[in-house]
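These figures come from a predicted structure and were not determined experimentally. Per chain, numbering begins at 1; letters A, B, ... match sequence-line order.
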Protein chains: 2
Amino acid sequence: MLEKTRRAQRRQDTSNEIKAVARRHMQTQGAGALSLRAIAAEMQMTAPAIYRYFQNRDALITALIVDAFSALAQALEAARAAHSSASPVQRLLAVLLAYRAWAVEHPTDFQLIYGTPIPGYEAPRDVTVPAVVRGFSVIVGLIDEVLQIVQPPAPYNTLPPALRAQFEALIARDGYPISVLAFYLGVIGWTQLHGIIMLELFGHLPPVVGDSEGFYHAQVVNMMRTMGIEP
Amino acid sequence: MLEKTRRAQRRQDTSNEIKAVARRHMQTQGAGALSLRAIAAEMQMTAPAIYRYFQNRDALITALIVDAFSALAQALEAARAAHSSASPVQRLLAVLLAYRAWAVEHPTDFQLIYGTPIPGYEAPRDVTVPAVVRGFSVIVGLIDEVLQIVQPPAPYNTLPPALRAQFEALIARDGYPISVLAFYLGVIGWTQLHGIIMLELFGHLPPVVGDSEGFYHAQVVNMMRTMGIEP
DNA sequence: ATAAACAGTTTACGGTGTTTACTTTTGTTT
DNA sequence: AAACAAAAGTAAACACCGTAAACTGTTTAT
């Protein structure tokens, strides 16, 4: 077990500072507008120096995406922990509300994860998939808990055979300790709530519904009710 | 009433060609990656010549967005017309399927409309709102028709007072000849289906559900059922 | 002490949007 | 047909961008 050398520590610090500055630039300028030269200038360095820390611009963005995924998952886990004494249903509700809350508080990070970050850029799957799994498993885990108590009505009590096979394979691959139905309801809920959040972040929803937070909350409750989960 | 002069006609042609080339570049290269120089080169012009037709790059993109909105609305109207002899419920189903179909066939245009097209760029509201209204009114119009026949169950038979006031104002402003409840269900459906489409376009859904089209179709049916509309 | 690894700079290349000044083309008017 | 004004397009320049290569100094390990 080696002690971290002075240089290794400084290297870590510089790397983190680059990401921090990049994240800050993103927030004010927009997702894809970050410039290595601008980042370097703010750090009193020259642009090529950044290449000592990230292979290229895409690699830096990938690192930011991983951090964002991780932060989102942490936010969900924190919400779950904060309501550990509540009922599973209430805990699920709290986590779903935390999902949007994080997105609204970190819009550029959310767009980085789920939007189109860069022109020709696509984040490497082998690094994003585990990150997605971590956050997603918080939600489906709670759904699985809830399903111990309640039973969803039609059409959410059965799932198409093709989906069943697909989901069983994923559950086995990613090691979710949950039922297929919980996974199914999780995916459905994910897509429904995601639509609201994306439309809100891109400014399409607010002019229609006014109070986006209230609308989201109401829709979460509506969705849970259609699934037989009464909050 | 003046006839269009020869020069005005040629100007229109060139302007259209610029947009066409830009759209094609977008499809292969990505949404925000289009380059005025590349467009000009393909047209055997120099980049500054484009400034005779569009004030700058953002203006060109705005024009593309307007065209995309218009094309989407046309696709929905075409779907409605193609099923004019079917029942309102079947017509609604067809239009909702056409919504995703257009998005999948024109992914970059869809992202242009609903994604974050450019770093600091945001499309001017006064030009996007009317374009949104045209497409949206096709959907809510059909929902209104359907609601003449069926009555949705809870929780979709009532809407929060705040939303009622908001929607009534919008219905009056944009001249939708429909009921508040139809508007409400339209917004809910819009957000739900939008989530599926966005996740599919950005590549997050396919690895989870496999057959995205099948999943979308099933979810449209599920949603209609929860709203009391049996397809 | 000395060699290797590392962090950073300088320089350079090809690309971008955009502005300015100039030239060519086009259509109309005398 | 000649002259002219408007429009369309070009060339050069500016200020950026990502990134590759060569080079300089510092830190670490042997």
Quiz item: Roughly how many Å is it from CD in B:Gln44 to P in D:dG9, rounded to a whole number?
Solution: 13 Å
Quiz item: Any side-chain N or O of A:Tyr51 less than 4.0 Å from the OP1 or OP2 oxygen of C:dA7?
Solution: no
Self-check item: Most 5' of A:Arg52 and B:Asn56 on DNA chain C, judged by nearest nucleotide
Solution: A:Arg52
Quiz item: Taking only N and O in the side chain of B:Ser35, is any of them less than 4.0 Å away from OP1 or OP2 of C:dG17?
Solution: yes
Exercise. Rounded off to whole Å, could you give me the CZ-to-C1' distance for the B:Phe54 and C:dG17 pair?
Key: 16 Å
Exercise. Using the six-membered ring wherever Trp is involved, compare the ring planes of A:His194 and A:Tyr114 and label them parallel, tilted or perpendicular (cut-offs 30° and 60°).
Key: perpendicular
Self-check item: Close aromatic pair by centroid cut-off 6.0 Å: A:Phe183 and A:Phe136
Solution: yes
Quiz item: More 5' along DNA chain D: A:Gln55 or B:Ala47, using each one's nearest nucleotide?
Solution: B:Ala47
Exercise. Look at the side chain of B:Arg91 and the backbone N and O of B:Ser84, then say whether any donor-acceptor pair between them is shorter than 3.5 Å.
Key: yes
Quiz item: When only distance counts, do a donor and an acceptor, one from the side chain of B:Arg37 and one from the base of C:dG15, lie under 3.5 Å apart?
Solution: no
Quiz item: Side-chain donor or acceptor of A:Arg57 under 3.5 Å from a matching atom on the base of D:dG18?
Solution: no
Quiz item: Which whole-number value in Å describes the distance from A:Ile50 CD1 to D:dG18 C1'?
Solution: 11 Å
Self-check item: d(CE, A:Met45; P, C:dT10) in whole Å
Solution: 13 Å
Quiz item: Will you find, in the side chains of B:Ser70 and B:Arg134, an N or O donor that is under 3.5 Å from an N or O acceptor?
Solution: yes
Exercise. Looking at every strand, decide which applies to A:Thr46 at a 4.0 Å heavy-atom threshold: base, sugar-phosphate, or nothing.
Key: base
Quiz item: At under 4.0 Å, does any side-chain N or O of A:Arg10 touch on OP1 or OP2 of D:dT28?
Solution: no
Exercise. Provide, to the nearest angstrom, the distance between the OH atom belonging to A:Tyr53 and the P atom belonging to C:dA5.
Key: 18 Å
Quiz item: Can you find a donor-acceptor pair, distance only, under 3.5 Å between B:Arg7 side chain and C:dG27 base?
Solution: no
Quiz prompt | Separation of atom CD in A:Gln9 from atom C1' in D:dT27, rounded to whole Å | solution = 16 Å
Quiz item: Would you say D:dA8 has OP1 or OP2 under 4.0 Å from some side-chain N or O of B:Arg11?
Solution: yes
Quiz item: Between the side chains of B:His106 and B:Gln27, is a donor N or O closer than 3.5 angstrom to an acceptor N or O?
Solution: no
Self-check item: Length of the line joining B:Leu36:CG and D:dC16:P, which is rounded to integer Å
Solution: 19 Å
Quiz item: Once you round it to whole Å, what is the distance between P of C:dT16 and CD1 of B:Ile39?
Solution: 10 Å
